[in-house]
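Whatever order the structure lists ligands and atoms in, that order sets their numbers, starting from 1.
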Amino acid sequence: MGERQINRFEGGDLVVKSLQAQGVRQIFSVSGGPLNSIYSACATHALPLHHTRHEAGACFMADAISRLTGVPGVAAVTLGPGVTNTVTPALVAKMAGTPLLILGAQANTASFERGAGMSADHIPIMQPVTKFAARVLQTERIPEYIDIAFRRMWAGTPGPVFLEIPVNVLTAPANDMELPRFVRALPGLSAQDRKSFSAAIANARRPVLLLGDDVRWDPPPRLEAAVDRLHIPFATLRLARGAIDETHNLCIGPGYIPCNKTLARALTETDLVILLGHHFEFDLEFGRVVGPNTRVMQCVIDPERLGRNRKTDYGAVASASSFVEMIAECAATQIDRRWVDGLAQAWHAERDAQLERSAGGDALHPVAAIDAVLATLPPETTLVCSHGNVDFWVDARVQLRQPNHYLRAGQSGALGAEVPYAVGARFAYPNRPAVVFVGDGGVGFHVTELETAARYKRPIVIVVLDDQKWGAIALPQMMAYGGEYEMDLPARDWPKVAEGLGGVGAFARTPDEIAKAMRAALAADKPAIVQIPVRSALSPYMAHIS
Ligand SMILES: Cc1ncc(C[n+]2csc(CCOP(=O)(O)OP(=O)(O)O)c2C)c(N)n1
Ligand SMILES: [Mg+2]
């Protein structure tokens, strides 16, 4: 980053210093003239600035920073099309419940309503895809607005916020001032709830614990010990993937019914579902499989999610950590250990059966390809997964050993987040490998961010699982309509694309070739693409929801 050439303090300095006061450690952008004040202030105040290839890429990278570090990521984008390019990542963050601050430029207020170049009416565009969208009209109020944005971002379920700052507000002279820092404070479980909840857990014979999103933003210190002591089977959902080591003997797999029959069975047979930091959402089939006489205990930080889609018998709006404190002190339980151990074994058998069924065939089955890739990865790897058919196989195969090492767009199911997420992961943790699983369709969305990875020396590895089609759409289409309509994607040379963008690449067709190609890619000091031809095999998830 170049050194600053001017000697004045203005709105852009207030933006950068306010972000730093809030704990922000870097900012993503695609260059835009009205943002020059912010760029110059980044140099003055040593806030690293990373320029990406597309505003969506910048926002997805910032979202990855939020998810992996817990400190909100920030993207600054130019006006008009710069802002509209952020609509999808804002929606993804809103649906996933991840914090993200998007700063949008705006034309000089003196030209409002005169048709200034590039200028658009951003607030009504951003309002439905954010939790808060506002315009800052006074330079001296920049720190206050950024503080409000942080408050709104963290209130209830976290999510994205948008601030628009006109260029004359950014470039007006300003005075340095004391800057606010928002600190999130969460309510604890009340004494009354502690008492009634622990009595219900002590009396349960077949409880199941589902660990969800709140656990990511408020990691409970003694979670694994509490689970061990009570011998409760658990599943991890979405942002809480890896909250406890998923190779643990009480883990019954990922918390998504469509790719986990064992979980569906557990929820049918349980007498107490403990839903921590989550609600009965789409991937839990809105709670429909939970028996009518099963009691539901739910603890969430956002009252809006309490009892949503399925009534709760024991409900609390409280922090995940205070809830885990309660279960850590629960009295001895009536737990049916045979049932619990049988569930964990059933999940292992379900996983093993996936592998057995994948044998043979010309091209590799996705499961064989995915397992071969996973076997090459160091434990500190950040894994990123897209949303095609092959990626639902990944979701079912991967066993996260630790929290905050898995990135997936989530509820929005958006293709396109995956490559920028991996680059963002490399900015969050420069020394951890970042590996993306993506189909031959999904890779086309933001593969150009591989160039950003090359430019900033953040060598990600993109694994393209290539079935030569839009498989997730094609396979169910064939089942429902007896044909495929424009679903084929011709064989393309993605390693060559990597080379053109400043990286390296290789094809791999067998487990041995995968091991070799992955080792080379992980050791390269450039970003890499490993392209693996796979056969088109409908994942249990897609089969279930189609
Ligand atoms: C932004 C966006 N556009 C379209 C879709 C719909 N969609 C879901 S999966 C899929 C096919 C993905 O193809 P590919 O990446 O090759 O993975 P495959 O399903 O073949 O394994 C499409 C088009 C989506 N999820 N997100
Ligand atoms: Mg495909």
Problem - Which residue and heavy atom of the protein sit nearest atom 11 (C) of ligand 1, plus the separation - result: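 Atom 11 (C) of ligand 1 sits closest to the protein heavy atom Trp470 CE3, 3.6 Å.
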Exercise for the section: Just need the protein heavy atom nearest to atom 5 (C) of ligand 1, so name the residue and atom and give the distance. Expected result: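 Of every protein heavy atom, Leu415 CD1, 4.0 Å lies nearest to atom 5 (C) of ligand 1.
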Is [X] close to ligand 1, meaning an N/O of one under 3.5 Å from an N/O of the other?
X	answer
Phe445	no
Val443	no
His387	no
Lys469	yes
Gly413	yes
Val390	yes

Practice task
Compare all side-chain heavy atoms of Ile165 with those of Gln106 and state whether any distance is below 4.5 angstrom.
Solution key: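 Answer no - side chains too far apart.
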Practice task
Would you mind reporting whether Ser539 and Cys259 have side-chain heavy atoms less than 4.5 Å apart?
Solution key: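 Cys259 vs Ser539: side chains apart.
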Practice task
Taking both backbone and side-chain atoms into account, decide whether Lys469 has an N/O/S atom under 2.8 Å from the Mg ion (ligand 2).
Solution key: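 Coordinating: yes.
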Handout entry: Within reach of ligand 1, part of Ile473 (heavy-atom separation under 4.0 Å)
Key =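 Contact part for Ile473 vs ligand 1: side chain (C-beta onward).
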Handout entry: Side chain, backbone, both or neither: the part of Asp467 lying under 4.0 Å from ligand 1 by heavy atom
Key =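 Only the side chain of Asp467 comes within reach of ligand 1.
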Practice task
Answer yes or no: does atom CZ of Arg25 have more than 12 heavy-atom neighbours from other residues, nucleotides or ligands under 6.0 Å?
Solution key: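 No, because the 6.0 Å sphere around CZ of Arg25 holds 12 heavy atoms or fewer from other groups.
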Taking 4.0 angstrom as the limit and counting only heavy atoms of [X], give me the atoms of ligand 1 inside it, by number and element.
X	result
Gly439	14 (P), 15 (O), 16 (O), 17 (O)
Ala472	9 (S), 18 (P), 19 (O)
Gly471	18 (P), 19 (O), 20 (O)

Exercise for the section: Would you mind telling me which of Asn85, Thr86, Thr448, Thr452 makes a side chain to side chain contact (heavy atoms under 4.5 Å, CB included) with His54? Expected result: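 It is Asn85, the one option of Asn85, Thr86, Thr448, Thr452 that forms the side chain to side chain contact (heavy atoms under 4.5 Å, CB included) with His54.
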Handout entry: Of the N, O or S atoms in Asp467, the one nearest the Mg ion (ligand 2)
Key =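 Result: OD1.
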Exercise for the section: Measuring from the Mg ion (ligand 2), name the closest N, O or S atom belonging to Asp440. Expected result: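 Restricting Asp440 to its N, O and S atoms, the minimum distance to the Mg ion (ligand 2) goes to OD1.
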Practice task
Measure from the ring center of Tyr39 to the ring center of His51 and say whether it is less than 6.0 Å.
Solution key: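 Yes: the rings meet the under 6.0 Å criterion.
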Problem - Phe60 and Tyr421 aromatic centres sub-6.0 Å - result: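 Ring centres of Tyr421 and Phe60 closer than 6.0 Å.
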Practice task
Return the orientation label for the His50 and Phe427 ring planes: parallel under 30°, perpendicular over 60°, tilted otherwise.
Solution key: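 Parallel, since the angle between the ring planes stays under 30°.
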Exercise for the section: Can you figure out which of Ala417, Pro366, Ala414, Gly441 has its heavy atom closest to atom 14 (P) of ligand 1? Expected result: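 Looking at heavy atoms only, the winner is Gly441.
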Problem - Pick from Gly442, Ala474, Ala409, Gly388: the one approaching atom 17 (O) of ligand 1 most closely through a non-hydrogen atom - result: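 Going through Gly442, Ala474, Ala409, Gly388 one by one, Gly388 has the nearest heavy atom to atom 17 (O) of ligand 1.
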Problem - N-O pairing of Glu281 and Arg308 below 4.0 Å - result: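 Arg308 and Glu281: not salt-bridged.
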If every non-hydrogen atom of [X] is compared with every non-hydrogen atom of [Y], which pair is closest and at what distance?
X	Y	value
Ala521	Val530	CB-CG2, 4.0 Å
Met542	Pro476	CE-CG, 4.3 Å
Ala243	Val215	CB-CG1, 3.8 Å

Practice task
Identify which one of Asp395, Asp213, Asp283 satisfies the salt bridge (Lys or Arg N to Asp or Glu O under 4.0 Å) criterion when paired with Arg241.
Solution key: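 Per the salt bridge (Lys or Arg N to Asp or Glu O under 4.0 Å) rule, the option paired with Arg241 is Asp395, out of Asp395, Asp213, Asp283.
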Exercise for the section: Determine, using heavy atoms of Ser386 and all atoms of ligand 1, whether some pair is separated by less than 4.0 Å. Expected result: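 Judged by the 4.0 Å heavy-atom criterion, Ser386 does not count as contacting ligand 1.
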